Novice: 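Quick one: the structure is below, questions incoming.
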Amino acid sequence: MPHTLALPKVLAPINGPIEADSRSEPTMSLSLDPTFRISLLETMMLIRAHEERLASLATPTSPGTCTAVGQEAAAAGVVRALQTRDRILTNHRSAGHLIARGADPGRVMAEVMGRSDGYCKGKSGSLHVSARELGVVLTSTIVGGELSLAPGVALAQKMGQQESGGITTVFFGDGAACEGIFHESVNLSVTWQLPVLYVCENNQWQAYVRRDETMPIEHVADWVRGHGIASRTVDGNDVEAVHAAAVEAVAAIRSNGKPYFLELTTYRQRGHFEPDDQAYVDKAELASWKAHDPIALLTERLTQAGVIAQGELAHLRQRVNATVDAALAFAQNSPWPDPRELTTDVYA
Amino acid sequence: MQTITVSDAVGQALAEEMRRDPRVLMFGEGVATKRHDLVAEFGTQRVRNTPLAEGIIAGTAAGAAAMGLRPVVDLLFAPFLTLSMDAIINSAGKLRYLSGGQFEFPMVVLTMTGAGWGVGAQHNHNLEAMFVHAPGLKVVMPSSAADFKGLMKAAIRDDNPVLFFMDLALAHVPGPVPEGEHLVSIGRAAVLREGRDVTLVSYAKTVGHCLQAAQALQEQGVSAEVIDLRTLKPIDEATVLASVRKTGRLIVVHEASRLCGVGAEVAAIVSEKAFGALTAPVMRLTGPDAPSASSWVLEQAGVPQADAIRDAALRLVNTETVAA
């Protein structure tokens with residue numbers, strides 16, 4: 001069905017990053033506060049350092065992980081636009097969303113390593129980390145599973161469960177958008193007018209499959225437009241553009257109670273599952289996206305604008321590395337779960 | 001004691017629980033169209049029609065349950081459950097465990113199954129054993145109006161996902177149901193008839209066939225005990241074992257196919273824990289490993305009937321070395 005529609009021009013070829021989306025001019029005023037801009041940078045740096053440390057630990061015989069290196073702008077930009085009353089559903093690349101929400105990197109790392117101090121007592125591992133205390137619920141590693149759950153979480157919010165006025169934000173990728181449940185989810189949320197922010201991190205990769213092998217169009221937004229949902233596509237590597245778009249989307253949802261679709265065009269810089277040699281990745285394509293890296297982009301922008309000095313940047317790096325060192329030490333010192341935990345938490 | 005149909009008993013349970021707890025809501029394909037009384041009393045927020053999309057119905061229930069609502073979803077016909085199994089098995093069934101116990105999934109999935117309507121295999125398939133095999137779920141499949149009401153109320157109050165199977169042929173069968181609050185505990189079988197010579201274990205429609213067979217056996221001097229499992233998960237081992245230790249013989253009867261069915265589990269439990277009490281091999285009478293046909297004659301031929309149960313019991317009683 002979508003193939004037959006008259007589609008807008010292709011905006012983001014897979015072999016090169018987009019500079020900006022012509023359909024989107026997000027308001028930038030909200031993110032101009034220097035302290036806030038630096039904090040966005042620090043959040044992205046912490047996510048990157050955390051994930052690279054985890055990736056460095058992965059061997060064929062130790063716990064692997066799915067990273068979202070290169071996609072930090074989505075996590076930092078969107079999550080910082082949310083309030084504590086809001087709920088988050090995420091997927092197997094969840095560390096960024098969790099850390100942006102304020103998760104303790106040590107507990108996230110402990111969870112990935114299967115230790116008892118992890119957010120899920122080591123029962124999740126890398127793939128389904130949730131943290132109820134942070135409003136990060138129901139992380140699903142079935143691609144599209146989180147989309148299936150999102151309308152229910154939002155329905156409960158709409159019907160007065162937990163803090164009033166909250167919205168549900170669901171993070172998923174272009175791979176999940178190819179699942180039928182994506183359309184079922186959006187259709188139900190529009191029909192029932194549920195407060196869901198759909199955030200598609202279109203990272204060009206679906207496990208080991210290039211997006212352009214499975215999607216005849218560049219933008220998932222072109223698919224959802226037919227569902228009658230408000231939508232916007234932005235450069236997912238520009239954290240300030242992402243944040244501004246998310247702030248607008250959240251405001252729209254809170255004011256009209258209807259769902260909103262936000263597509264962030266980005267790139268998965270590391271492999272599907274660590275360790276991964278990325279032998280299947282086009283080197284030139286990867287290099288061109290790394291040249292549009294979200295952390296480098298903001299660093300350069302803030303440096304050139306005089307918002308951050310080299311010394312402060314070095315200090316940030318130092319602090320982030322110290323945090324990750326401490327997180328790893330905490331995780332490695334955390335005890336293994338008692339084998340008796342094998343059959344606890346199955347039933348309420 | 002009122003006499004109402006199974007369908008009305010379920011309706012009564014739903015209305016009572018929605019009245020008792022504002023977190024209970026119901027949605028599904030045509031739910032609001034068919035249950036006028038619930039819509040009239042509780043409004044369109046709590047009784048909702050959905051698209052014909054079983055995956056999102058079940059997923060929405062799981063998400064709502066994790067947030068504290070207590071949804072009941074009607075997925076109509078059991079074969080449609082295959083479209084919702086990701087949400088039921090991978091989300092509702094597993095995310096409590098995977099989250100280290102952070103979330104509960106108090107939801108009920110109501111669905112119809114069983115021969116008697118001639119609708120063919122894509123609308124009739126006894127899938128209950130598939131859900132018994134999945135961790136984190138509970139599975140109930142009652143046979144009487146009273147149990148339908150009592151178990152539905154218990155299922156709605158349970159903090160876990162409960163699969164609630166209604167045999168289509170039972171839907172309009174009337175039975176006595178206590179007035180007022182009536183709860184039946186999940187996980188407790190019922191001994192419907194006491195006997196000394198052989199134990200007949202069943203659930204849903206074939207319970208009635210076992211009772212008929214027991215009556216026929218009595219006329220031939222054989223005393224059969226009839227157990228209605230009512231709940232398939234958790235299964236009431238104690239009631240089955242106590243009976244087999246008394247009678248020494250066991251026949252398990254169900255309409256679902258034999259391979260890895262509930263009967264296989266009951267047989268295994270008895271073999272492990274009451275082998276010494278057995279005086280004859282355990283027998284299973286089940287439906288075939290074939291899809292349900294639409295033709296009434298073929299459909300009925302797939303369901304163990306009272307005569308076959310009687311004959312099997314007579315063979316067990318008359319020779320203790322018989323091969324099934």
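In this text the structure is predicted, and so the values were computed from the model without any measurement. Every chain is numbered from 1, with letters handed out A, B, ... down the list of sequences.
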Novice: Given a strict heavy-atom distance threshold of 4.5 Å, which part of A:Glu341 is in contact with chain B: side chain, backbone, both, or neither?
Specialist: backbone
Novice: Are the side chain of B:Gln102 and the backbone of A:Cys120 linked by a donor-acceptor contact shorter than 3.5 Å?
Specialist: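 Such a contact is absent between B:Gln102 side chain and A:Cys120 backbone.
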Novice: Select one option (side chain, backbone, both, neither) describing which atoms of B:Ser99 are under 4.5 Å from chain A's heavy atoms.
Specialist: both
Novice: Side chains of B:Lys94 and A:His128, heavy atoms from C-beta outward: is any pair under 4.5 Å?
Specialist: no
Novice: So which part of B:Ile57 gets closer than 4.5 Å to some heavy atom of chain A, the side chain, the backbone, both or neither?
Specialist: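 For B:Ile57, neither part sits under 4.5 Å from chain A.
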Novice: Flag yes if more than 12 heavy atoms outside A:Gln162 fall under 6.0 Å of its CD atom; otherwise flag no.
Specialist: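 Yes - once you tally the heavy atoms of other residues, nucleotides and ligands closer than 6.0 Å, there are more than 12.
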Novice: Roughly how far, to the nearest 0.5 Å, is OH of B:Tyr97 from CG of A:Leu342?
Specialist: 5.0 Å
Novice: Does B:Ile56 form a side chain to side chain contact (heavy atoms under 4.5 Å, CB included) with A:Asn187? I'd like the steps, not just the answer.
Specialist: CA-CA 10 Å; B:Ile56 200 63; A:Asn187 179 50; over 6 Å; no
Novice: Go through the atoms of B:Leu69 and report whether side chain, backbone, both or neither lie under 4.5 Å from a heavy atom of chain A.
Specialist: both
Novice: Which of the residues B:Gly59, B:Ala66, B:Ala65 is involved in the greatest number of heavy-atom pairs with chain A at under 4.5 angstrom?
Specialist: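 Of B:Gly59, B:Ala66, B:Ala65, B:Gly59 has the most heavy-atom pairs under 4.5 Å with chain A.
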Novice: So which atom in B:Pro51 and which in A:Leu188 form the shortest heavy-atom distance, rounded to 0.1 Å?
Specialist: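 That would be CD-CD1, 3.4 Å.
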Novice: Just give me the residue among A:Gly180, A:Ser140, A:Ala150, A:Ala131 that pairs up with chain B most often, heavy atom to heavy atom, under 4.5 Å.
Specialist: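 Sorted descending by pairs with chain B, the first entry is A:Ala131.
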Novice: Against chain B, label A:Thr191 side chain, backbone, both or neither, depending on which of its atoms sit under 4.5 Å from a heavy atom there.
Specialist: neither
Novice: Just wondering, more than 12 heavy atoms not from A:Arg132 lying within 6.0 Å of its CZ?
Specialist: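 Yes.
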Novice: Which pair of heavy atoms, one from B:Gly55 and one from A:Ile181, lies closest together, and at what distance?
Specialist: C-CD1, 3.7 Å
Novice: Nearest 0.5 Å, please: how far is OG in A:Ser124 from CG in B:Leu95?
Specialist: 9.0 Å
Novice: Would the distance check show the side chain of A:Tyr347 and the main-chain N or O of B:Arg96 forming a donor-acceptor pair, the cut-off being under 3.5 Å?
Specialist: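 Flag not set: sc A:Tyr347 to bb B:Arg96 has no pair under 3.5 Å.
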Novice: Counting heavy-atom pairs under 4.5 Å to chain B, which of A:Ala156, A:Gly160, A:Pro337 comes out on top?
Specialist: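 Ranked by contacts with chain B, first place is A:Ala156.
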Novice: Picking from B:Pro135, B:Pro71, B:Ala53, B:Ala61, which has the most non-hydrogen pairs under 4.5 angstrom with chain A?
Specialist: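 The option with the most such pairs is B:Ala53.
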Novice: Counting heavy-atom pairs under 4.5 Å with chain A, which one of B:Ala87, B:Gly68, B:Pro22 comes out on top?
Specialist: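 Counting heavy-atom pairs under 4.5 Å, the top option is B:Gly68.
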Novice: Would A:Leu155 and B:Met67 satisfy side chain to side chain contact (heavy atoms under 4.5 Å, CB included), going step by step from the backbone distance to the final call?
Specialist: CA-CA 9 Å; A:Leu155 176 66; B:Met67 287 284 283; over 6 Å; no
Novice: Please rank B:Arg48, B:Arg46, B:Lys138, B:Glu104 by heavy-atom pairs under 4.5 Å with chain A and give me the top one.
Specialist: B:Arg48
Novice: So which atom in A:Val136 and which in B:Phe103 form the shortest heavy-atom distance, rounded to 0.1 Å?
Specialist: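 It is O-CZ, 4.3 Å.
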Novice: So, do B:Arg23 and A:Met159 sit near enough that their side-chain heavy atoms are less than 4.5 Å apart?
Specialist: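 A side-chain contact is absent here, since even the closest heavy-atom pair is not under 4.5 Å.
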Novice: So what's closer than 4.5 Å to chain B heavy atoms on A:Leu147: side chain, backbone, both or neither?
Specialist: backbone
Novice: Can you say whether B:Ala62 sits under 4.5 Å from chain A via the side chain, the backbone, both, or neither, judging by heavy atoms?
Specialist: both
Novice: For the side chain of A:Lys123 and the backbone of B:Gly100, is there at least one donor-acceptor N/O pair under 3.5 Å apart?
Specialist: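 No, because the side chain of A:Lys123 does not come within donor-acceptor range (under 3.5 Å) of the backbone of B:Gly100.
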